[in-house]
There are 2 protein chains.
Amino acid sequence: METNSGLRPADVRQNNLASVLGVLRRGSATRSDLVAATGLTRSTMAGLVSELAELGLIDEVSSAATGRPGRPSPLVRLVPGAVAALGIDVSVTRLAVGLVGLDGRTISVVEREGDRTADSPESTAEAVAEMAQRIGVGGDGAPILVGVGAAVPGLVRGRDAHVVLAPNLGWTDVAFADLVRTAIHQRLGVLLDVSIGNEADLGAMAEARFGVGRRDRNVLYVHGDIGVGGSIVVDGARLPGASGYAGEIGHMPVNPNGGRCRCGSVGCWETEIGERVLLERAGLDPNSGNSGVKKLVVAAEGGEQRALDALAENGRWLGVGLAGLINILDPGLVVIGGLFGPLMPYMSDALDAELVARRFGPDERVASVVAAEMGTDALLIGAAELALTPALADPAGWLTIGG
Amino acid sequence: METNSGLRPADVRQNNLASVLGVLRRGSATRSDLVAATGLTRSTMAGLVSELAELGLIDEVSSAATGRPGRPSPLVRLVPGAVAALGIDVSVTRLAVGLVGLDGRTISVVEREGDRTADSPESTAEAVAEMAQRIGVGGDGAPILVGVGAAVPGLVRGRDAHVVLAPNLGWTDVAFADLVRTAIHQRLGVLLDVSIGNEADLGAMAEARFGVGRRDRNVLYVHGDIGVGGSIVVDGARLPGASGYAGEIGHMPVNPNGGRCRCGSVGCWETEIGERVLLERAGLDPNSGNSGVKKLVVAAEGGEQRALDALAENGRWLGVGLAGLINILDPGLVVIGGLFGPLMPYMSDALDAELVARRFGPDERVASVVAAEMGTDALLIGAAELALTPALADPAGWLTIGG
DNA sequence: CAGGTTTGTCGACTACTCTGACAAATTGAC
DNA sequence: GTCAATTTGTCAGAGTAGTCGACAAACCTG
């Protein structure tokens, strides 16, 4: 049912400011573009633009000649580096902190490579604060920070922003948001809101808003790793589900005769397409992780048949599962990310064949399947997006109270 | 991303009127209840209530004593039978037309039983118009009709409201909405908007809003029949997908060694839980349809082992698929409808066992699985809901132009 | 340089909600 | 039965936001 909550005139302003900002973060636009996109009048747009300009979020420059008659409309754009959020990528082999602007682009990034399985949540939070300091948070001329977001490889409980379980980090029920908030507070003297999200969800958000999915409103994102995660983007926003855990596509049953899954069940999708089976099928050490995958890529590039067969088999199973997901969710686009992204060239033939064989329903429902295009900073950007969201939804409120 | 469209002061009024109506259709409420539910002020609510009252949609009666001090707040309720939509249920064995009020309750229903596979779309539309006349559309004292909705057992294309394919009716690419509109126009002299929807989607809508799902905002509805359809309800509204065909859960692959599906693929869910396998497993004629299912129920009630085993096996496969769907969608509630509803008592043990074995993730994510509770009129009500939706979203606009 | 076109600006107007004061209608204590 | 406390409906005035229409500004074409 509809939201059932009342609207006030002030909400109108808030919505319209957010709409303008929403258009602009996809790229600069002239004032008359904004008028066309929002359906508001020129007078109203003048007020909105001037308010956002006073907040320092946007500025106007005279636009290039259009070649058409009429008074030229000035180009409105986000002020780069005026406002930003801190994005944190807590991966198993990488810890990265980056400043991300309203346009979803990184301003600067600081990272540490290396195995982090031994790091405690506390030392991780401490490292994050140190890196945030190094990146220049709070310094002169630095952007106004609206918040901090962190991407974690594990289950995150929305209610209290706890990391319920991150097996690959060895974390259980960690209040990571609080740890980061206090670490940053102690080191930098600023209190920032910290949000946490699952890495698949945040990768999906970045990819859906700024990557290959930028033109689609309904995207299914598949994140391959040791396990297989996913995130469902509907109308540009993540589908959370009733308790916030929607998107666990890795445990969809696809093969009743399949192997036992670490979840205790049998024949989950992830037992057919996860990192371990893939390496095993290729004759490599199933526990060799990232380095094993790199070996696999080299072998495939070298035309080694066993590697190619293993990848094709993975593509086939990927196709089996995706066919079902496409029938269920009818996304316009499927984005393959994580481990699978770089492997797509070797999997897509087998994958497509399976999709064609299992296509059901009218021809209109065709979802293209593509590899993720954003690089290593996708998680960072998705994490920052988490923190930017409330500020984008209420720009005036955020910047007059916070800054 | 957000909707990016501008809001005007008039939209505020529209939204607030719709909010009040949205609260009221779940049951009567006092004016101060409405104030609490919407967050608006008492003065504003006075204006909204009086506007809706002038439109004839609601009225106020003095409420029963609350036992608490203070001036009593009058009870606001929908005027029964003031405004309604015509719901049409086009099933294989039943054609029904009903008047459904704003509260989602039928005012009157006219139906024809009997096999309709020989009926053409044209004669069906003609019959619908005749039944609408019989029900008293346009007569004195009849409710104001805001539109017509029809539930069809087949694929419906949203763009032009065509029935793309309804195999069990033998319809292919039928402009059924237009047929009904002209048939009603010719016979009754009124031009009404006609919308069409898939039976699973409309059954889901009815069940989610007025049936077992009335307290949940995220519901997965599974509709068993010859095939298996489904509908995903997110935040009270159907999840349409990119091209409007989301919810085709019957063709999720669950068994690579399974039987060939009528969709051309292998091991679709529907090959393991559909009507045909169920009857076959029970030793009955797989083509005996509804009568076969009735025999099966009788046999199960009589404790016949083969029938019980067949139902348990169906429950098991239902559980396998549902486990996957719950992991993917994280609904708060799963509603089992259509053919499966009455069979649930015989399937739920095996189903639950499978769900427990395949549960993944934190304990918070538990979806209860229940049988649909609305009777034969569910499709009718869901169909009418389709027609009511625009009127509910803009009550003032609809009733001043239309009536 | 003149006419056509598109766009920004400004003031008057409309629509909606909020605020605050007051009146109305009930409960409960004396 | 009366009076205080409490809750709610009503009303007028104020505030905020967007629209409308007229006009000026800035560009193109010829």
Side-chain angles (χ1 to χ4, degrees), chain A residues 4-21 28-55 58-76 394-397 400, chain B residues 3-20 28-55 58-76 394-397 400:
Chain A
N4 278 348
S5 85
L7 230 51
R8 282 157 289 282
D11 296 328
V12 173
R13 186 65 163 192
Q14 177 178 327
N15 172 83
N16 290 348
L17 288 172
S19 292
V20 170
L21 232 40
S28 301
T30 66
R31 249 156 96 151
S32 47
D33 289 340
L34 292 173
V35 167
T38 58
L40 300 169
T41 61
R42 296 200 300 262
S43 339
T44 304
M45 192 51 65
L48 293 169
V49 166
S50 81
E51 181 166 353
L52 290 173
E54 265 175 41
L55 290 169
I58 63 175
D59 60 7
E60 293 183 278
V61 294
S62 56
S63 64
T66 62
R68 290 185 322 172
R71 174 171 172 176
S73 198
L75 197 65
V76 186
D394 182 14
T400 48
Chain B
T3 158
N4 276 347
S5 85
L7 232 50
R8 280 156 287 284
D11 296 328
V12 173
R13 186 65 162 193
Q14 179 180 328
N15 171 84
N16 290 349
L17 288 172
S19 293
V20 170
S28 301
T30 66
R31 250 156 99 151
S32 48
D33 289 341
L34 292 172
V35 167
T38 58
L40 300 169
T41 60
R42 296 198 302 260
S43 353
T44 304
M45 191 52 65
L48 294 170
V49 165
S50 80
E51 181 165 354
L52 290 173
E54 266 175 41
L55 290 169
I58 63 175
D59 60 6
E60 293 183 278
V61 293
S62 57
S63 64
T66 61
R68 289 186 323 174
R71 174 172 173 174
S73 198
L75 196 65
V76 185
D394 182 14
T400 47

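Lettering follows sequence order; numbering is per chain, from 1. Please read these numbers as outputs of a predicted model, since none were measured by experiment.
Applying the 4.0 Å criterion to OP1 and OP2 of C:dT9, one finds that A:Arg31 has a side-chain N or O inside that range. The shortest distance between the side-chain N/O atoms of B:Arg71 and the OP1/OP2 oxygens of D:dA5 is not below 4.0 Å. The side chain of B:Asn16 contributes an N or O atom lying less than 4.0 Å from OP1 or OP2 of C:dT17. Residue A:Ser32 has a polar side-chain atom (N or O) positioned under 4.0 Å from OP1 or OP2 of C:dT7. Listed pair A:Ser43 / C:dT9 fails the phosphate criterion, with no side-chain N or O lying under 4.0 Å from OP1 or OP2.
The shortest side-chain heavy-atom distance between B:Leu48 and B:Arg13 falls under the 4.5 Å cut-off. In this structure, the side chains of A:Leu52 and A:Leu21 come closer than 4.5 Å at one or more pairs of heavy atoms.
Side-chain atoms of A:Pro9 lie closest to C:dT17 of the nucleotides C:dT17, C:dA21, D:dT19. For B:Val12, whose side chain is taken as the heavy atoms from C-beta onward, the closest listed nucleotide among C:dT17, D:dG18, D:dT8 is C:dT17.
Across the protein-nucleic acid pair, B:Glu51 atom CD and C:dA15 atom C1' stand 11 Å apart, rounded to whole Å. The CE-P distance, from A:Met45 to C:dC10, rounds to 17 Å in whole Å. When the P atom of C:dT17 is taken as reference, atom CG of A:Leu7 falls 9 Å away, rounded to whole Å. Across the protein-nucleic acid pair, A:Arg42 atom CZ and D:dG18 atom C1' stand 14 Å apart, rounded to whole Å. One interatomic measurement links the two molecules: CG of B:Leu48 to P of C:dC18, which rounds to 9 Å at whole-angstrom precision. Taking atom CZ on B:Arg13 and atom P on C:dT14, their separation rounds to 17 Å, with Å as the unit. D:dT7 atom P lies 19 Å from atom CG of B:Leu75, rounded to whole Å. The nearest whole Å value for the distance from the CD atom in B:Gln14 to the C1' atom in C:dA15 is 14 Å.
In this structure, CZ in A:Arg42 is found 11.0 Å from OG1 in A:Thr44, a value given to the nearest 0.5 Å. Separating the CD atom in B:Gln14 from the CG atom in B:Leu17 is a distance of 8.0 Å, to the nearest 0.5 Å. Note that the CG atom of B:Leu34 and the CD1 atom of B:Ile58 stand 7.5 Å from one another [nearest 0.5 Å]. Here B:Thr38 contributes atom OG1 and B:Asn16 contributes atom CG; the two are 7.0 Å apart, rounded to the nearest 0.5 Å.
Within the 4.0 angstrom heavy-atom criterion, only backbone atoms of the sugar-phosphate kind lie near A:Ser73; the bases stay farther away.
Side-chain atoms of A:Asp33 and A:Thr30 form a donor-acceptor pair, as typed in the model, at a separation below 3.5 Å.
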Filtered N/O pairs between nucleotides 28-30 of chain C and protein, under 3.5 Å:
none

